[in-house]
Amino acid sequence: MEVASPITADNGTITRRDEYATLGIREHWRFDSTGTDYGQKLAGDTLERDSYRSLEITGIAPDILQGYSPVLNLLIRWDHGQLECLDPATEAPIPSWDDADTRLRELEDENRRLRQQLEDANNG
């Protein structure tokens, strides 16, 4: 996944795509929150033999674009300038590491609370 900036745009997307194809990188995604650096807000390509073919990007709603990554088995969505990955079966967002860490702490707190309740009930 390339995230657009004036520097990455100046370095030549086509040249990098050729280099990626030579390396055998099976998919190449580009995310441009403004659409000005790459000319598209979301774009993806899949490697077929020795060159890339564009993946379909669908407009879901105004300012929401989506494509499917067969290599990752994920929906890649540009939603009002934010990039997110979704489970293709449920369209639920894939949690970030921060989300997972927060949820783990919540579960640990709940576990401590329940253990304390159980201990209080056994000692009561």
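By convention here, the first residue in the shown sequence is residue 1. Because the structure is predicted, anything quoted here is derived from the model rather than measured. Side chains are part of it too, since the values below use all heavy atoms of this structure and drop only hydrogens, waters and symmetry mates.
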Decide if atom CZ of R115 counts as having more than 12 heavy atoms of other residues, nucleotides or ligands within a radius under 6.0 Å.
no

On a heavy-atom basis, which atom in A21 and which in D50 lie closest, and how many Å separate them?
CB-O, 3.7 Å

Evaluate the criterion side-chain contact (heavy atoms from CB on, under 4.5 Å) for residue pair R30 and D45; output intermediate values, then yes/no.
CA-CA 9 Å; R30 292 168 310 288; D45 303 302; 2.7 Å; yes

So, taking the atom named CE in M1 and the one named CD in E27, what distance separates them when rounded to the nearest 0.5 Å?
9.5 Å

Inter-residue atom distance R103.CZ - D98.CG, 0.5 Å rounding
15.5 Å

Atom pair CZ (R77) and OG1 (T58), whose distance is rounded to the nearest 0.5 Å:
10.5 Å

May I have the step-by-step check of side-chain contact (heavy atoms from CB on, under 4.5 Å) for L42 and L83, ending in yes or no?
CA-CA 9 Å; L42 180 65; L83 186 66; 4.2 Å; yes

Between CG on residue L74 and CG on residue D87, distance to nearest 0.5 Å
8.0 Å

Cluster check L72, F31: I/L/V/M/F/W/Y, side chain < 4.5 angstrom
yes

Return the OH to CG distance between Y68 and L75, rounded to the nearest 0.5 Å.
8.0 Å

Same cluster for I76 and L86 if Ile/Leu/Val/Met/Phe/Trp/Tyr side chains link at under 4.5 Å?
no

Looking at E84, I want to see if its CD is surrounded by more than 12 non-hydrogen atoms of other residues, nucleotides or ligands under 6.0 Å.
yes

Would you call D109 and R113 a salt bridge, taking side-chain N to carboxylate O under 4.0 Å as the test?
no

Which atom pair, heavy atoms only, marks the closest approach of G81 to S33?
O-CB, 3.9 Å

Give a yes or no on whether a salt bridge exists between R105 and E108, defined as a side-chain N under 4.0 angstrom from a carboxylate O.
no

Taking W29 as the starting point, is it possible to reach Y52 by hopping between hydrophobic residues whose side chains are less than 4.5 Å apart?
no

Run the side-chain contact (heavy atoms from CB on, under 4.5 Å) test on Q66 and I57 for me, step by step, so that the C-alpha distance in whole Å, both residues' side-chain angles and the decisive distance to 0.1 Å come before the verdict.
CA-CA 5 Å; Q66 179 174 285; I57 303 297; over 6 Å; no

Are I94 and W78 connected, step by step, through hydrophobic side chains (Ile, Leu, Val, Met, Phe, Trp, Tyr) whose heavy atoms are closer than 4.5 Å?
yes

What distance do T102 atom OG1 and L107 atom CG have between them, rounded to the nearest 0.5 Å?
11.0 Å

Is the number of heavy atoms from other residues, nucleotides or ligands within 6.0 Å of CZ (R49) greater than 12?
no

Option passing side-chain contact (heavy atoms from CB on, under 4.5 Å) with Q116 (candidates L114, D120, L118)
D120

Atom CD of residue position E56 - does it have more than 12 heavy atoms of other residues, nucleotides or ligands inside 6.0 Å?
no

